[in-house]
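In what follows, a single structure is set out as C-alpha cells and then discussed.
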Amino acid sequence: MARNFTKPHKLVALTAALVCSSFASAQPVDLDTPPYSQQYFTYGNANVYSLPILAQWYALQNPGVGLQNGNPYYMPSSPGQIQQDVVIYTGSNGTKVTTNPAGFDNAYGAPSGSTPFASTGNSTTGPTGATPPTPDATIANNLSYTWDADLAALKTFVGPDGAPVFLFDNNQTKSSGGADENLAIWAKLWVTDPNGNVVDLSVDGIQYLYLTNGGAPYGMGGVPQGDPTANLGDIETPEMAALGTDYVQSGGTVCLAADLSLQACDGTQAYTIDHNLGTNDASYAAMFPVLNDYLDALADGTGYTLHLQMSMGCDPTWAAAGGDCTGMSLNAGDEQLYLTSTKLTTYNETPEPQSLALVGLALLGLAGARLRSKKQ
C-alpha cells in the first residue's frame with residue numbers, strides 16, 4: 001500500500017518544535033534529548049510516535065530526500081525487510097518472518113479478512129483469532145497466553161547500547177469514507193524471574209507495563225510529554241467503562257490546518273497524512289522506558305522472561321456491554337507487530353538504520369488527540 005499524502009504535512013503542534021531544528025540525514029536520532037524527547041504521546045507506560053509524520057517532516061527539512069528510500073523514518077516491512085527483526089505477530093509466511101532466533105517465541109499468526117477481534121488471550125482464556133506459536137521450551141516460565149522472550153536473548157538482540165522498539169503496521173480497509181481505517185489495540189508487558197515471580201524494580205515501583213488509553217473515550221486520551229512511569233496497577237485484561245476503554249486508537253487519516261493544528265478532514269485542510277499503510281510500511285513505533293530500565297538492571301538477564309499480552313479489534317466484552325465498535329474492529333487482518341533495536345542495522349535503504357528504529361514512534365491515538373510542542 002503506497003503512502004497517501006495529498007500535501008506535505010508536519011507534526012501537529014509537536015512538529016512546530018522540530019521545524020526549528022535540523023539534522024543531517026546521516027545522524028542517528030536520539031529520543032532521549034530534545035527535540036525528539038518531546039515528540040511522543042504517552043499511553044500508559046508506552047511512548048508512541050508517528051513514522052509517516054516524521055518522515056514527511058524530515059523530507060521537508062532535507063531538500064532532495066523523499067518519503068521513502070534515504071529517509072530515516074521510512075521503514076519498509078515486507079518479509080524480506082523485517083527478517084532480521086524479531087516478529088511478534090504477522091499474517092506473512094516464511095522462514096525468518098514467522099520463525100525467530102533462539103530465545104524468542106515464534107510469531108503469532110494474524111487472522112486475515114474480517115475477523116473483528118484477535119488476542120493472545122489471558123490466564124483463563126486462550127487465544128482468540130490469532131494463531132499461537134508452539135511455546136519455546138528453552139524460555140523459562142513460558143506462558144500459553146503471551147508472546148515470550150528470554151531476557152538474555154533480548155539483551156543480546158538490542159545490543160549493549162540499544163533499546164527495544166516495537167513497530168506496528170496498520171492494515172485496515174479503505175472504504176466507508178475512511179471510517180473503517182482505525183483500530184483498537186491494547187498491550188501489557190511484564191518480566192518474571194527464574195522462579196516465575198513478577199519482577200518489581202524498586203526504582204520504578206512498577207510490575208506491569210501497559211499500552212493503554214486509561215479508560216478515556218476511545219480515540220481520545222494519551223498524554224503528550226507525559227510521565228511514562230505511572231503505575232497502572234495489576235489488571236490483566238482491558239478494562240471497559242461505559243464511555244471509555246483501555247484500548248488505544250491506531251488511526252488512519254489525520255488532517256492538519258496551516259497552523260499545524262488538528263482539524264476535520266473536510267477538504268479545507270492544509271496537510272493530510274495516512275497512517276493506514278498496510279503491511280508494506282510501519283505506521284507506528286513504541287518504546288517502554290521502564291523496560292529499558294529492566295534490561296539495564298537485570299545483569300545478563302539469565303533466567304528472566306519478557307511476557308507480552310495483546311489484543312486488537314472489537315473486544316467482545318466491550319460489545320456485550322453495549323460499547324460502540326464502530327472504527328474499532330479488525331476488518332482486513334494481517335496487521336504486523338515486530339521488534340527491532342535502536343542499534344540494529346536492518347534496513348539497507350537508509351543511511352542510518354538507528355534512526356529508523358528510534359524515531360518512528362507515534363501515536364496509536366493520534367487521530368483523536370492533539371499534539372503539543374516545546375520550541376527548542
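These numbers come from the heavy atoms of this one structure, side chains and all, not from hydrogens, waters or symmetry mates.
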Aromatic plane relationship, [Y] with [X] - under 30° parallel, 30 to 60° tilted, over 60° perpendicular:
| X | Y | answer |
| --- | --- | --- |
| Phe41 | Tyr43 | parallel |
| Phe166 | Phe288 | perpendicular |
| Tyr284 | His275 | parallel |

Kindly compute the distance separating [atom1] ([X]) from [atom2] ([Y]), expressed to the nearest 0.5 Å.
| X | Y | atom1 | atom2 | value |
| --- | --- | --- | --- | --- |
| Thr95 | Asn93 | OG1 | CG | 10.0 Å |
| Ile82 | Met75 | CD1 | CE | 10.0 Å |
| Thr120 | His307 | OG1 | NE2 | 12.0 Å |
| Leu337 | Leu308 | CG | CG | 6.5 Å |
| Thr326 | Asn182 | OG1 | CG | 11.0 Å |
| Lys155 | Asp296 | NZ | CG | 6.5 Å |

Measure across [X] and [Y] and return the closest heavy-atom pair with its distance rounded to 0.1 Å.
| X | Y | value |
| --- | --- | --- |
| Ser144 | Pro127 | O-CG, 4.4 Å |
| Ala59 | Gly66 | CB-O, 3.8 Å |
| Cys314 | Ser329 | CB-OG, 3.1 Å |
| Gly129 | Thr115 | CA-CG2, 4.4 Å |
| Ala140 | Gly303 | CB-O, 3.8 Å |
| Ser250 | Ile185 | CB-CG2, 4.3 Å |

Does [X] use its side chain to pair, donor to acceptor, with the backbone of [Y] at less than 3.5 Å?
| X | Y | answer |
| --- | --- | --- |
| Asp150 | Ala152 | yes |
| Thr131 | Tyr108 | no |
| Asp246 | Gly215 | yes |
| Thr98 | Ala107 | no |
| Tyr294 | Val191 | no |
| Asp136 | Ala102 | no |
| Tyr218 | Gly327 | yes |
| Gln269 | Gly267 | yes |
| Gln336 | Asp281 | no |
| Trp147 | Asp105 | yes |

[Y] and [X], any side-chain heavy atoms less than 4.5 Å apart:
| X | Y | result |
| --- | --- | --- |
| Phe104 | Leu154 | yes |
| Asp148 | Leu143 | yes |
| Pro164 | Leu306 | no |
| Met312 | Phe168 | yes |
| Asp315 | Pro238 | yes |
| Lys174 | Asp274 | yes |
| Leu330 | Phe117 | no |
| Tyr145 | Thr125 | no |

Q: Evaluate the criterion side-chain contact (heavy atoms from CB on, under 4.5 Å) for residue pair Tyr338 and Ile88; output intermediate values, then yes/no.
A: CA-CA 5 Å; Tyr338 50 105; Ile88 299 171; 5.7 Å; no
(Q) Quick check on side chain to side chain donor-acceptor pair (under 3.5 Å): which of Asn170, Asn171, Asp169 does Asn276 satisfy it with? (A)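 In the set Asn170, Asn171, Asp169, the residue that makes a side chain to side chain donor-acceptor pair (under 3.5 Å) with Asn276 is Asn170.
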Do [X] and [Y] meet the criterion of a side-chain donor-acceptor pair at a distance under 3.5 Å?
| X | Y | answer |
| --- | --- | --- |
| Thr42 | Asn47 | yes |
| Thr340 | Asp85 | yes |
| Ser112 | Asp334 | yes |
| Asp180 | Thr173 | yes |
| Thr146 | Gln309 | no |
| Asn141 | Thr305 | no |

Q) Would Thr245 and Asn213 count as a side-chain hydrogen bond (donor to acceptor under 3.5 Å, both in side chains) if you check the C-alpha gap in whole Å, the side-chain angles of each, and the deciding distance to 0.1 Å? A) CA-CA 7 Å; Thr245 173; Asn213 200 28; over 6 Å; no
Q. Please walk me through it: do Gln207 and Trp190 pass side-chain contact (heavy atoms from CB on, under 4.5 Å)?
A. CA-CA 6 Å; Gln207 287 186 307; Trp190 67 99; over 6 Å; no
Q.
Test side-chain contact (heavy atoms from CB on, under 4.5 Å) on Lys96 and Gln84; report intermediate values, then the result.
A. CA-CA 7 Å; Lys96 296 186 178 181; Gln84 294 184 57; over 6 Å; no
(Q) For residues Ile139 and Val86: do they belong to one hydrophobic cluster (side chain heavy atoms under 4.5 Å, members Ile, Leu, Val, Met, Phe, Trp, Tyr)? (A)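 Unlinked, Ile139 and Val86 end up in two clusters.
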Q) Could you go step by step and tell me if Leu339 and Phe157 meet the side-chain contact (heavy atoms from CB on, under 4.5 Å) rule? A) CA-CA 10 Å; Leu339 182 65; Phe157 173 75; 4.3 Å; yes
